[in-house]
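All heavy atoms count here, side chains included; hydrogens, waters and symmetry mates do not. Numbered from 1 within each chain, the chains take letters A, B, ... in sequence-line order.
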Amino acid sequence: MTGGLAYWLAFVVAAILALFAAIMVITRRNPIHAAVFLIVNFLAVAILYLLLSFQFIAIIQVLVYAGAIMMLVVFVIMLLSAEDEGKKKKIVIPTATAIGLLLVVILLVQLVAAVAVNSLPGVEGEYSVERLADMGDVKAIAELLFTKYLFPFEVASIILLVGIIGAVILSKKER
Amino acid sequence: MDVTPLYFLILSAFIFAIGAAGVVMRRNSIVIFMCIEMMLSAVNLTFVTAARFLNSLDGVLVVFFVMTVAAAEAAVGLAIFVLVFRGRKTIMADKINLLKW
């Protein structure tokens, strides 16, 4: 599954695209540009999901993240007349930024060390690539969703309902 | 040349760290919010990688629920931004000090 030159190339391209888009998101001054690069990042991550042969999750990533959530974000940016940050003050508290960057580098070193030292601890499951390809991953996920994960599934629907009600109440004009 | 799970995990660690850098350094609330979404999706990539290389579907189901929560969070969070903007005429994180007195 994970061999072959084509697979390697696809992984490298998707990974570089994701990293490039992520860096663009945090360096662009204009929030709209950041939003567009974030969509590119989500699409690259969707390609990585495809490389891991979970087609269903890749499609959900494009639908929910790149589609629904980013549509909402772009809509709100347009609504709030995107103001440019840091136009007047070119240097935005350099010490605070430096300390923040230092903390982030420490976080990165910790994360990489953590994943590099331990090689995926955990219990082996029963859904191998061949079995998933045989029964279809949508069917396998749906089976788990309505048996083992039925309670979290219902809670998720309540969370969405509360989210809808909260958004409507928050953005309502005061009486 | 084999693509091992380590490459996927390190990639998602990098995306997560870049998102964290954005949260720490940017001042526009919406950009901070977008960086949080990016960190969520980086963690999702870790879950899916673990699910694939452990031959398990539990990670995929967790990703499913994370996406649900992210969608609800986006709706409520952006409504809060609209509300704050209506009252304060700005969404810069360093100018919103409603909780200070």
Using the side chain to side chain contact (heavy atoms under 4.5 Å, CB included) rule, take A:Val64 and B:Phe64 through it: C-alpha gap first, then chi angles, then the decisive distance, then the call. CA-CA 10 Å; A:Val64 174; B:Phe64 191 80; over 6 Å; no
After noting the C-alpha distance and the side-chain angles of A:Tyr49 and B:Leu45, does the key distance pass the side chain to side chain contact (heavy atoms under 4.5 Å, CB included) rule? CA-CA 7 Å; A:Tyr49 291 160; B:Leu45 183 58; 3.6 Å; yes
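In plain terms, the two heavy atoms of B:Ala75 and A:Ala167 that are nearest each other are O-CB, 3.9 Å. Residues A:Val45 and B:Ser41 come closest through the heavy atom pair CG2-OG, 4.1 Å. Residue A:Ile26 comes nearest to B:Cys35 through the heavy atom pair CG2-SG, 3.7 Å, listed as atom of the first residue, atom of the second, then distance. A:Ala34 and B:Met34 get closest at one heavy-atom pair: CB-CE, 3.7 Å.
Both the backbone and the side chain of B:Glu37 come within less than 4.5 Å of a heavy atom of chain A. Of the atoms belonging to A:Ala15, heavy atoms from both backbone and side chain fall under 4.5 Å from chain B. Contact annotation for A:Ala35: both backbone and side-chain heavy atoms come within less than 4.5 Å of a heavy atom of chain B. At a 4.5 Å heavy-atom cutoff, the contact between B:Leu6 and chain A is made by side-chain atoms alone. For a residue to count as touching a neighbouring chain, one of its non-hydrogen atoms must lie under 4.5 Å from one of that chain's; by this rule A:Tyr149 touches chain B with backbone and side chain alike. With a 4.5 angstrom heavy-atom cutoff, A:Leu107 touches chain B only via side-chain atoms. For A:Gln61, the parts lying near chain B are the backbone and the side chain together; criterion is any non-hydrogen pair under 4.5 Å. Proximity to chain A (any heavy atom under 4.5 Å) is restricted, for B:Phe65, to the side chain, taken from C-beta onward. For a residue to count as touching a neighbouring chain, one of its non-hydrogen atoms must lie under 4.5 Å from one of that chain's; by this rule B:Phe33 touches chain A with the side chain only. The contact between A:Phe42 and chain B is made entirely by side chain atoms (from C-beta outward), counting heavy-atom distances below 4.5 Å.
Screening A:Val115, A:Leu48, A:Leu52 for a side-chain contact (heavy atoms from CB on, under 4.5 Å) involving B:Thr49 leaves a single residue, A:Leu52.
Cluster membership check: A:Met71 does not share its hydrophobic cluster with B:Met38, using side-chain heavy-atom separations under 4.5 Å among Ile, Leu, Val, Met, Phe, Trp and Tyr. B:Ile36 and A:Met24 fall within a single hydrophobic cluster, where Ile, Leu, Val, Met, Phe, Trp and Tyr side chains are chained together by heavy-atom contacts under 4.5 Å. Follow the hydrophobic side-chain contacts under 4.5 Å out from A:Leu17 and you never reach A:Tyr7; the two are in separate clusters. In the hydrophobic cluster analysis, where Ile, Leu, Val, Met, Phe, Trp and Tyr join through side-chain heavy atoms closer than 4.5 angstrom, A:Leu150 is grouped together with A:Leu144. A:Val40 and A:Val74 end up in different hydrophobic clusters when Ile, Leu, Val, Met, Phe, Trp and Tyr side chains are linked at under 4.5 Å.
The distance from atom CZ of B:Phe81 to atom CG of A:Leu79, rounded to the nearest 0.5 Å, is 13.5 Å. Atom-to-atom distance recorded for A:Leu80:CG and B:Ile91:CD1 is 5.0 Å, nearest 0.5 angstrom. Annotation: the span from A:Phe54 atom CZ to B:Phe47 atom CZ amounts to 13.0 Å, rounded to 0.5 Å. The line from CE of B:Met25 to CG of A:Leu101 is 5.0 Å long, rounded to the nearest 0.5 Å. Separation of atoms CZ (B:Phe8) and CG (A:Leu51) is listed at 5.5 Å; rounding is to 0.5 Å. To the nearest 0.5 Å, atoms CD1 (B:Ile18) and CZ (A:Phe20) are separated by 11.5 Å.
With chain A as the partner, the residue from B:Asn44, B:Leu40, B:Ile15 showing the most heavy-atom pairs under 4.5 Å is B:Asn44. When the candidates A:Ile169, A:Val168, A:Leu170 are compared by the number of heavy-atom contacts under 4.5 Å with chain B, A:Leu170 comes out ahead. With respect to chain A, the highest number of heavy-atom pairs below 4.5 Å among B:Ile10, B:Ile32, B:Leu61, B:Val23 belongs to B:Leu61. Counting heavy-atom pairs under 4.5 Å between each of B:Val60, B:Val69, B:Ile80, B:Leu83 and chain A puts B:Val60 at the top. Ranked by heavy-atom pairs under 4.5 Å with chain B, the list A:Val104, A:Ile57, A:Val73, A:Asn41 is led by A:Val104. Among A:Thr27, A:Leu111, A:Leu108, the residue making the largest number of heavy-atom pairs under 4.5 Å with chain B is A:Leu108. With chain A as partner, the option from B:Ala21, B:Ala20, B:Ala50 having the largest number of non-hydrogen pairs under 4.5 angstrom is B:Ala21. Of the listed residues A:Val112, A:Val25, A:Val12, A:Leu38, the one with more heavy-atom pairs under 4.5 angstrom with chain B than any other is A:Leu38. Ranking B:Val48, B:Val24, B:Val76, B:Thr46 against chain A, the residue ahead of the rest is B:Val48, based on heavy-atom pairs under 4.5 Å.
When atom types are taken as modelled, the side chain of B:Arg86 and the backbone of A:Ser171 share a donor-acceptor pair closer than 3.5 angstrom.
Taking a 6.0 Å sphere around CZ of B:Phe14, one finds it holds 12 or fewer heavy atoms contributed by other residues, nucleotides or ligands.
Residues passing the salt bridge (Lys or Arg N to Asp or Glu O under 4.0 Å) test with A:Lys148, sequence neighbours excluded: B:Asp58.
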Taking distance alone, no hydrogens or angles, what donor-acceptor pairs closer than 3.5 Å link side-chain atoms of residues 134-142 of chain A to residues at least two apart or in another chain?
from: A:Asp137; atom 1: OD2; to: A:Gln55; atom 2: N; distance (Å): 3.2
from: A:Asp137; atom 1: OD2; to: A:Phe56; atom 2: N; distance (Å): 3.1

Show me, pair by pair, the donor-acceptor contacts under 3.5 angstrom made by side chains of residues 124-132 of chain A, not counting sequence neighbours?
from: A:Ser128; atom 1: OG; to: A:Arg131; atom 2: N; distance (Å): 3.4
from: A:Arg131; atom 1: NH1; to: A:Glu126; atom 2: O; distance (Å): 3.3

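Interface with chain B: from residues 156-166 of chain A, residues A:Ala156, A:Ile159, A:Leu160, A:Gly163 qualify, criterion being any non-hydrogen pair under 4.5 Å.
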